[in-house]
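Following: one structure in C-alpha cells, then a few remarks.
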Amino acid sequence: MLKESLDQFVAPVYGRTQRTPDTYRTVAVHCSTHIDRLVGEYQVIKNDQQWLREVRNDIDYYLRRYHEYCIKQRDNMGAHYHELGADADTDFEHLIPASRIRDLLLAGTISTTQALNAPTVKLSRAKHAELKDAGWASHTPDMWLPFRRYSQVFTAQFETFDGRQIDPETWTLEDHFNYFNHLIIETKE
C-alpha cells in the first residue's frame with residue numbers, strides 16, 4: 001500500500017514569491033504571532049524543563065527566521081550595522097546574543113517588536129572567530145552599550161547599513177531602537 005501511494009504521489013510545484021513590502025509583512029506577522037503565542041505558553045508551563053526548552057527553541061526559530069528574512073535579506077540591508085573595513089568574508093551576527101534577546105523577551109523586559117528588531121552586525125569572519133575564542137559568543141558584559149561585547153576583544157568601527165558612522169563606545173540599545181524605528185514592520189492591524 002505504501003509503495004502504491006508513493007508511486008501515485010505527484011510532487012507539488014510551489015510558486016515563487018517576489019519580495020515586496022507585503023511579503024516582508026507576511027513573514028513579520030507570521031513570526032510575531034507565533035512568538036507571542038509561545039511566550040504565553042512558556043508562562044504557564046510548570047515543572048517540565050524539557051517542554052520549556054522546546055518552547056525556547058521554537059522562539060529562537062521564529063526570531064532567527066525574522067532576522068534572516070526581514071533584516072539580513074531585506075533590500076540589501078545585510079544587517080543593521082556593518083564593520084568598516086571588513087573584507088568580503090563576513091558573518092551575520094547578533095550584537096546582543098540571540099539567546100539573551102529571547103530571555104529578555106521571556107522575562108518581559110523587551111517587547112516582541114524589540115526582540116524582532118534586535119541589533120545585528122555584518123562582522124568580519126576573523127573578528128567573529130576572535131569573539132568566540134575569547135568566550136563572548138553567547139555572553140555580553142553590557143546590554144545597554146551593546147558594542148562593549150566587541151571592545152572586550154577587538155577594536156573596530158561601525159556604520160549603520162545606510163552609511164551613518166556610529167561611536168560604538170556610546171551607542172546605546174535605545175539609540176539603536178530609535179534610529180531603526182522607521183524600519184519596523186507593523187504586525188498589528
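The analysis underlying the following values was restricted to heavy atoms, covering all of them including side chains, and did not include hydrogens, waters or symmetry mates. Being a predicted model, the structure only gives us computed values, none of them experimental.
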Taking the side chain as C-beta and beyond, is there a heavy-atom pair between F177 and T113 under 4.5 Å? no
Please name all residues satisfying side-chain hydrogen bond (donor to acceptor under 3.5 Å, both in side chains) with T90, sequence neighbours left out, ordered by chain then number. none
Taking S151 for the side chain and R148 for the main chain, is one N or O donor matched with an acceptor at less than 3.5 Å? yes
Could you check if a side-chain atom of P141 sits within less than 4.5 angstrom of a side-chain atom of Q152, using non-hydrogen atoms only? yes
Members other than W144 in its cluster, when Ile, Leu, Val, Met, Phe, Trp, Tyr link by side-chain heavy atoms under 4.5 Å? L145
Which heavy-atom pair separates C31 from Y66 by the least distance, and what is that distance? SG-N, 3.9 Å
Are Y62 and I184 linked, directly or through intermediate hydrophobic residues, by side-chain heavy-atom contacts shorter than 4.5 Å (ILVMFWY only)? no
Please list, chain by chain and in numerical order, all residues satisfying ring-ring contact (aromatic ring centres under 6.0 Å, His included) with Y69, sequence neighbours excluded. Y24
Would you say D7's side chain and E4's backbone share a donor-acceptor pair under 3.5 angstrom? no
Exactly one of H80, H176, E68 clears side chain to side chain donor-acceptor pair (under 3.5 Å) with T120, and that residue is H80
Report yes or no: do V29 and L38 belong to one cluster of Ile/Leu/Val/Met/Phe/Trp/Tyr joined by side chain heavy-atom distances under 4.5 Å? no
Keeping S111 on the side-chain end and Q114 on the backbone end, is there a donor-acceptor pair under 3.5 Å? yes
Within a 6.0 Å radius of atom CG on N76, are there more than 12 heavy atoms belonging to other residues, nucleotides or ligands? no
Rounded to the nearest 0.5 Å, the CG atom of L183 sits from the CD1 atom of I71 at a distance of 8.5 Å
List for me each residue that meets side-chain hydrogen bond (donor to acceptor under 3.5 Å, both in side chains) alongside T160, sequence neighbours excluded, and say none if there are none. D162
Under 3.5 Å: donor-acceptor pair, side chain of T23, backbone of T20: yes
With clusters built from Ile, Leu, Val, Met, Phe, Trp and Tyr whose side-chain heavy atoms come within less than 4.5 Å, directly or transitively, what are the remaining members of the cluster of L2, listed by chain and number? L6
Got a second to check how far L104's CG is from I110's CD1, nearest 0.5 Å? 5.0 Å
What residue among K122, R149, R125 forms side chain to side chain donor-acceptor pair (under 3.5 Å) with E93? R149
Steps toward side chain to side chain contact (heavy atoms under 4.5 Å, CB included) verdict (C70, L116): CA-CA 9 Å; C70 295; L116 290 172; over 6 Å; no
Could you go through residues 127-138 and list every donor-acceptor pair under 3.5 Å that involves a side-chain atom there, pairing it with any protein atom two or more places apart or in another chain?
residue	atom	partner	partner atom	Å
K127	NZ	E83	OE2	3.0
H128	ND1	D91	OD2	2.8

Can you list the residues that meet the side-chain hydrogen bond (donor to acceptor under 3.5 Å, both in side chains) rule with R56, with sequence neighbours excluded? Y42
Any donor-acceptor pair under 3.5 Å linking the side chain of R25 with the backbone of E186? yes
If you define the side chain from C-beta out and look only at heavy atoms, does anything of K72 sit under 4.5 Å from H67? no
Partners meeting ring-ring contact (aromatic ring centres under 6.0 Å, His included) with F154 (sequence neighbours left out): Y150
V55 versus I59: any side-chain heavy-atom pair under 4.5 Å? yes
Min side-chain heavy-atom separation W171-F158 under 4.5 Å: no
Got more than 12 heavy atoms from elsewhere within 6.0 Å of CD, E174? no
Please examine the side chains of H34 and Y61, heavy atoms only from C-beta on, and report whether any two atoms are closer than 4.5 Å. no
When rounded to the nearest 0.5 angstrom, what distance separates CD1 in I185 from CG in N117? 7.5 Å
Sequence neighbours excluded, which residues qualify as salt bridge (charged side-chain N to carboxylate O under 4.0 Å, His left out) partners of D22? none
Can you name the nearest heavy-atom pair linking P146 to T140, along with the distance? O-OG1, 4.5 Å
Ring center gap for F180 and Y81 short of 6.0 angstrom: yes
So how far is it from L52 CG to E41 CD, rounded to the nearest 0.5 Å? 9.5 Å
Measuring only between side-chain heavy atoms, which start at C-beta, is I166 closer than 4.5 Å to Y179? no
For R74, does its backbone N or O pair with a side-chain atom of R19 as donor and acceptor, under 3.5 Å? no
Looking at CD of Q165 and CG of L84, how far apart are the two atoms once the value is rounded to the nearest 0.5 Å? 5.0 Å
Examine distances only and state if a side-chain atom of H94 and a backbone atom of S99 form a donor-acceptor pair shorter than 3.5 Å. no
A side-chain contact here means heavy atoms from C-beta on lying under 4.5 Å apart; do F161 and H82 qualify? yes
Of all pairs that satisfy salt bridge (charged side-chain N to carboxylate O under 4.0 Å, His left out), the ones with a partner from residues 108-120, not counting sequence neighbours: none
Partners passing side-chain hydrogen bond (donor to acceptor under 3.5 Å, both in side chains) against R64 (at least two apart in sequence or in another chain): none
Run the side chain to side chain contact (heavy atoms under 4.5 Å, CB included) test on T187 and T112 for me, step by step, so that the C-alpha distance in whole Å, both residues' side-chain angles and the decisive distance to 0.1 Å come before the verdict. CA-CA 10 Å; T187 60; T112 299; over 6 Å; no
Let me check something: any side-chain donor-acceptor pairs from residues 9-17 under 3.5 Å, sequence neighbours excluded? List them with distances.
none

Can you tell me how far the CZ atom of R100 sits from the CG atom of L95, to the nearest 0.5 Å? 12.5 Å
